[in-house]
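Letters A, B, ... mirror the listed sequences (proteins, then strands); counts begin at 1. Below, all heavy atoms of this structure are taken into account, side chains as well, without hydrogens, waters or symmetry copies. Just so it is clear, the model here is predicted, and its values are computed rather than measured.
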Amino acid sequence: MVRPSAAGDLDAVSLETALLDTWKNENAFESSIGSSKDGAPFIFLEGPPTANGKPGIHHVVARAYKDLVCRWKTMEGFLVQRKGGWDTHGLPVEIEVQKRLDLMSNESIEEFGMQAFNDACRESVWTYESAWREMTERMAYWVDLDNPYVTLDNNYVESCWWALKQMFDKNLLYRGHKVLPYCPQTGTSYSSHEVALGYKEVEEPSVYIKFKLTDDDASILAWTTTPWTLPGNVGLAVGPEVTYARCRIREEPEGWKGRGGARVGEELILAKDLMGEVLRHHVDIIEEIPGSALVGRSYEPLFPGAVPRGDSDTAWTVLSADWVTTTDGTGVVHTAVMYGEDDYNLGMEVGLPAYHTVGMNGHFVPGIHPQLDGRYVKECDDSVMEILVGQNENVSSGLLYREKSYLHDYPHCWRTDHPLLYYAMDSWFVRMTAVKERLLEFNDGVEWAPDWVGEGRFGEWIRNVKDWAISRERYWGTPLPVWRDEDGNMKCIGSIAELQEEVAKAKAAGIENPDCPADVDLHRPVVDGFTLVSEHGKPMKREPFVMDCWFDSGCAPFAQWHHPFDEENTFDSSFPVDYICEGVDQTRGWFYTLLAVSTTVFDSPAYKRCLSLGLILDAEGKKMSKSKGNIVDPWDHFNREGADATRWYMVTAGAPWNPLKFDSNGVRETYAKMFLTLWNVYRFHADYAALDGFDPETQPLPVEERSRLDRWILSKLHTTARAYHEGFTSWNFHKACRDLEDFIVNDLSNWYVRRSRRRLWDEAESNDKLACQHTLHEVLITLSKLIAPVSPFMVDTIHRNLTGTSVHLADWPVGTPGSIEGATADVWDETRCEATTNLPPQDSQLENEMELVRELAETGRRIRIDAQRRQRLPCAEGFIVAGPNLEPYHDLLSEELNVETISIETDLDRFQQIALAVNFRALAPKAKGDVNAIANELKGNEDPEALLADIKAGNCIIMGVAIEESDVEVRRTERDGFAAATVTLGEGDEAQHVSLVLDMQDTPELLSKGLARDITRRIQSKRKDLNLEIEATIDVDVWMTNAPELFADDQEWIAKETRASGIAFNSDNAPEGTENFDVDGAHISYRVQSN
RNA sequence: GCGCGGGUGGCUUAGUCGGUUAGAGCACCCGGCUGAUAACCGGGAGGUCGCAGGUUCAAGUCCUGCCUCGCGCACCA
């Protein structure tokens, strides 16, 4: 049998840390899963974080929402497995290690040794693992960190290989040569979602260059923002439909700034529409030429010999390209085949020579120009211009027309901040464009929260899908399992067994190979060591790439189970997953790669529901980032307000998908308001329960037989719980939790407990006291369950003390659909689910009446303030006018209002008059523009009673409009001279106007009672100051002057209320040193002594 | 430049289908209540609802344009 023990003061932090130990000892997490092991599965997939950075508060937010849903679904009876995961490959890890070991180039890494480097990476990924683990445990994110999936594990890599082979076999994986954003510092190209991470606004020089025609004195003017690509120029593209102008310089302009220029008489060709933008000289237009007429004309190379002509007959000629526009530049596009996507495609099409003028290290190759050879291209802008201006005899002089700084967003490396170069390179791609329709289809089936992320942002991304550049010329990652011979024959290896087989085959063919054991490390450089053999007997080397690390995490749904190599078929029953939840920044990241992999490998979506969280901003609305140093340390709050308050704050601060301005004061507020209040309610119950030896297993009084107050709070609990649940199912966790908090603070604490205090003070056993205890008991238990998914600590302490069991093993009070046989996470029997709900009876009439009663109690206080009558001085009578019959609440109301009796008064006119107002919704359509005038007419009417009668009789026409009863609203106001007020409940036709009137007359009896209450309150306050036990008795002396008579009954009442064993009332002056106060002209002194 | 989401007292925010006096919380001031907690109740002060137009009897809400913040896309020549 469980009997609650007393609660004591709240120390949230030690409460939580003590529970962490308890949970650990009890294996609470495992038990919570075990408790629903027969339930329908609800599959959650953890997006793997990288543990080579310190976790911040923004990570806590994501984990809070993951945990919330998993705990909630578990309580609903679903089996929710939660495997942890770590993302361990990729550039961030390499960069970190490179920095630490000072290996900032690929050469130095290879010099250092790839094995040693990768060993360092393997170690580095765990740098902050313990910090992550501690954070995860402290916030009570229940996830299995003891058996996580780790992307560097051989099993994981093997599954990735398998997936790649599926793509390869479907011809969705191909080797290509494309212009990609490339970072020479990291030696790696990027896919579009990584490039998106690094756009920065920069001001760079742009140049207008003269390309001199070979058979003509004129030059074609072209523009570029990347002067370093000019040595690679092999063509000029014009728009066939664009009109170009040949113009002759008439005179020098005034105030020329910068380098470049043109002689008078020189002739330039450019798009006619752009002349004004580009030309600084006054010119004469000699001729207008359609673009198509320029095509085929040849011009002199800018840097003769920089690019060999080869067998190209189109090099250094004007080419036609329909993508050329006149929105900026000159309408002529300088084409350097290797350094622009359009350039490359055009070059391939028309047969331009494709040679690099820039090496993979970002420096010019030898033989370009003596001033440029071997230099980093981004530092050569100036030299290129100098050369073109004609300072060097090796090139034709005066080819620079103009320089102009240009402000634009340019992609930068998201790791090193260096500008990326568009660079033609070998790369591997996944043919995402081939499965675009399927991507769109699958995305349509996903339940996105919020829906606009799926339809808008993500949908847009997919509609513009590009082939996924998936290979990286790096070291630390999942190696690309493709081997290739010199003729281009390829093999994709999909498993270790296959690798072993192929190695054996190669050995048999006479190719030397190291051993390939079953536990061969699937990383570089080990896998590079194997040479396979092609069907034609030629040696095959591995393509020297590793995978984009986003590919790894995209494989998580199956690679975490080592699919298809595991034998338990865990994967088949857990795919696609039911729920994922990450920050909105994963739209192009994980959300995409999951879908990309599942579509190409399984022709299936990867997830059914996706909660996309808003960004976490600091208190000033700035994004939290390491570089800004504005990351909030979660421990600041774990150690102050605790994880409960931190989590509750996060959920209630706004919609999950909205950006959250993380405000430390908000956490404090949540603690003080929500958790302290909840604790004190609990404490009130637990302390008396312990004192009285309350046994929750005694047969409780049936709810119907309990007091109205009990029935009310139980009904209200039911209503609140249902709405809370609705909020959860519609992803409106914030609204749900705000409303629940309101229930706890206002309904439970400020009304139910406040009104119930005296019931528990009663020392004798009584049905009423028992009813109150059972009610509180039930409310607290249900509340604990509702709160548990969001803030799992305090409620577990409460639940354990009240029931002896953990709340995390409890059923969701609104129903357990997961426990229904044959249910799935998507479909269950609503009727049978309803039968599993466990909520007290609902009584909406009672809820409405109580709301009115509370309104009236507040109204009473307002009346007294208006009438300047102090709260403790009783009134003889209070009148309630109109409204429902509140007789059952008269006792309650008379206490709240401090009146002797409550009466029902039906004669409204005794206290009130009416006023008429327009019902705009009804009248406006009829009255149109006159509606406001009519409103004023009604408002200003001197005899609203008569007017109302007219309206009712259909005799009222104002400004030509017949006013009907439905066109007006009747409002009641108090007549002058009454201490009264009116409350309005409901809206529109159902609005109720109820008035409260207080009798303000004094009698000696009332004055005596009021005085008694004032004295009592002072003494009680003194008792509190003296820190007296509740049961302690005292001696009291009171001296009163100019006071109303204090009747014997009231003297006794004071003694009883204050537990005074001796009390003396004197009418003379008090001795020195006693405490005193004045009330309504009376002077009271008193002395309290503990005995 | 294109798209999405914001902009409401000092701060955090609610505001449904366009409807009467824009609602809370924190902080502030005054008063009250309390064996009721870091609480509670009443009152006060504090709002050009980003700006400007428009539709309408009526706009925080709908439309257009602009400003601004965040995010995403495209930024090529």
Side-chain angles (χ1 to χ4, degrees), chain A residues 9-10 179 192 196 199 206 222-226 229 236-237 321 323-325 327-336 339-343 408-411 422 450 452-453 455-458 460-461 464 584-585 587-588 614-615 617 619 621-623 653-654 657-659 661 663 665-666 668-669 671-673 676-677 679-681 683-684 735 738 742 745-746 749-751 753-754 757 761 857-866 868 870-872 898 917-921 923-935 939 969 1017 1019-1021 1023-1024 1028-1030 1057-1059:
Chain A
D9 283 333
L10 176 62
V179 173
S192 40
Y199 274 98
S206 71
W223 178 66
T224 181
T225 56
T226 50
T229 61
L236 293 173
W323 41 261
V324 174
T325 63
T327 48
D328 46 18
T330 64
V332 181
V333 175
H334 140 66
T335 301
Y339 310 111
E341 195 178 340
D342 288 334
D343 308 44
H408 65 156
D409 285 334
Y410 193 82
Y422 285 89
W452 47 261
V453 167
E455 286 157 19
R457 185 169 292 196
F458 195 69
E460 192 194 335
W461 171 258
N464 298 320
V584 69
D585 50 325
T587 310
R588 266 80 188 181
L615 255 89
L617 312 173
K622 298 259 162 52
K623 185 174 174 173
W657 44 83
N658 280 344
K661 274 194 200 177
D663 179 11
N665 292 330
R668 180 107 200 122
E669 209 177 293
Y671 170 75
K673 193 155 192 146
L676 208 51
T677 305
W679 183 259
N680 281 303
V681 170
R683 184 178 172 178
F684 174 71
K735 288 185 184 168
R738 283 172 181 174
D742 188 63
V745 172
N746 289 324
S749 175
N750 288 337
W751 191 250
V753 171
R754 183 162 71 81
R757 259 169 210 285
W761 290 350
E858 282 177 20
T859 301
R861 287 187 210 114
R862 201 179 316 135
I863 292 170
R864 282 173 178 272
I865 286 163
D866 288 348
Q868 300 190 327
R870 66 182 210 273
Q871 218 70 237
R872 278 184 287 264
N898 194 16
V918 163
N919 177 0
F920 279 85
R921 223 181 270 259
L923 187 63
K926 288 195 285 185
K928 290 278 157 53
D930 295 329
V931 68
N932 285 321
I934 295 174
K939 210 169 165 185
E969 285 177 18
R1017 138 109 180 90
I1019 296 170
Q1020 299 287 42
S1021 173
R1023 283 184 63 111
K1024 205 175 176 184
L1028 295 183
E1029 293 295 316
I1030 291 178
E1057 283 291 306
T1058 61
R1059 287 180 172 268

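When distances run from any side-chain atom of A:Trp461 to the nucleotides B:rC73, B:rU37, B:rA77, the shortest one goes to B:rC73. For A:Ala672, whose side chain is taken as the heavy atoms from C-beta onward, the closest listed nucleotide among B:rC71, B:rA38, B:rU13 is B:rA38. In the set B:rA38, B:rA77, B:rA39, the nucleotide with an atom closest to the side chain of A:Asn750 is B:rA39. Among the nucleotides B:rU37, B:rA77, B:rA38, the one closest to the side chain of A:Val324 is B:rA77. Closest approach to the A:Thr226 side chain among B:rG5, B:rG15, B:rA77 is made by B:rA77 (side chain taken as heavy atoms from C-beta onward). Distance from the side chain of A:Glu460 is smallest to B:rG3 among B:rG3, B:rA77, B:rC76.
Under the rule for a side-chain hydrogen bond (donor to acceptor under 3.5 Å, both in side chains), A:Asp342 has no partner lying at least two apart in sequence or in another chain. For A:Asn898, the side-chain hydrogen bond (donor to acceptor under 3.5 Å, both in side chains) test picks out A:Arg1013, with sequence neighbours left out. Residues satisfying the side-chain hydrogen bond (donor to acceptor under 3.5 Å, both in side chains) criterion with A:Glu460, sequence neighbours excluded, are absent altogether. Partners of A:Thr229 according to the side-chain hydrogen bond (donor to acceptor under 3.5 Å, both in side chains) rule, which considers only residues two or more places apart in sequence or in another chain, are A:Thr226, A:His334.
Atom-to-atom, CH2 of A:Trp657 to C1' of B:rC71 comes out at 17 Å; the value is rounded to the nearest Å. Rounded to whole Å, the distance from CG on A:Leu676 to P on B:rC26 is 14 Å. Distance A:Asn464 CG to B:rC4 C1': 14 Å, rounded to the nearest Å. The CG atom of A:Asn658 sits 13 Å away from the C1' atom of B:rA14 (whole-angstrom rounding). Atoms CZ (A:Arg757) and P (B:rA39) sit 15 Å apart, rounded to a whole Å. Rounded to whole Å, the distance from CZ on A:Phe458 to P on B:rG5 is 18 Å. Between the CD atom of A:Glu669 and the P atom of B:rU12 there is a distance of 12 Å, rounded to whole Å. In this entry the distance linking CG of A:Asp342 with P of B:rA74 reads 14 Å, nearest Å.
A distance of 10.5 Å separates OG1 in A:Thr677 from CG in A:Leu10, rounded to the nearest 0.5 Å.
Using C1' as the reference atom, B:rU37 and B:rU12 are 23 Å apart when rounded to the nearest Å. B:rG46 and B:rA24: their C1' atoms are spaced 15 Å apart (whole Å). Here the separation of B:rG47 from B:rU13, taken at their C1' atoms, is 14 Å to the nearest Å. Rounded to the nearest Å, the gap between the P atom of B:rG15 and that of B:rU20 is 16 Å. Atom name C1', nucleotides B:rG42 and B:rG3: the rounded distance is 50 Å, in whole Å. Between B:rG60 and B:rG7, the two C1' atoms lie 12 Å apart (nearest whole Å). Rounded to whole Å, the separation between the P atoms of B:rG1 and B:rC28 comes to 45 Å. Separation of the C1' atoms belonging to B:rA45 and B:rG9 is 10 Å when rounded to the nearest angstrom.
Across A:Gly329 and A:Trp223, no two heavy atoms sit closer than the pair CA-CE3, 3.4 Å. When all heavy atoms are compared, the tightest approach of A:Tyr339 to A:Val179 is C-CG1, 4.2 Å.
Below the 3.5 angstrom threshold, one finds no donor paired with an acceptor across the side chain of A:Arg738 and the base of B:rA14.
At a threshold of 4.0 angstrom between heavy atoms, the contacts of A:Arg683 with the nucleic acid are absent.
At distances below 3.5 Å, not a single donor-acceptor pair connects side-chain atoms of A:Thr224 with backbone N or O atoms of A:Ala222. At distances below 3.5 Å, at least one donor-acceptor pair connects side-chain atoms of A:Asn680 with backbone N or O atoms of A:Leu676.
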Filtered N/O pairs between nucleotides 27-31 of chain B and protein, under 3.5 Å:
none

A:Asn750 vs A:Val745, side-chain contact (heavy atoms from CB on, under 4.5 Å): CA-CA, chis, key distance, verdict: CA-CA 6 Å; A:Asn750 288 337; A:Val745 172; 3.9 Å; yes
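For A:Thr225, a side-chain nitrogen or oxygen approaches OP1 or OP2 of B:rA77 to under 4.0 Å.
A:Ser749 places none of its side-chain heavy atoms less than 4.5 Å from the side chain of A:Phe684.
When each of A:Gly654 and A:Val333 is assigned the nucleotide of RNA chain B bearing its nearest heavy atom, the one mapping closer to the 5' terminus is A:Gly654. Heavy-atom nearest nucleotides on RNA chain B were determined for A:Asn746 and for A:Asn680, and the one closer to the 5' end corresponds to A:Asn680.
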Bracket string, RNA chain B, 5' to 3' - pairs by Watson-Crick or G-U geometry under 3.5 Å, | interstrand: (((((((..((((.....[...)))).(((((.......))))).....(((((..]....))))))))))))....
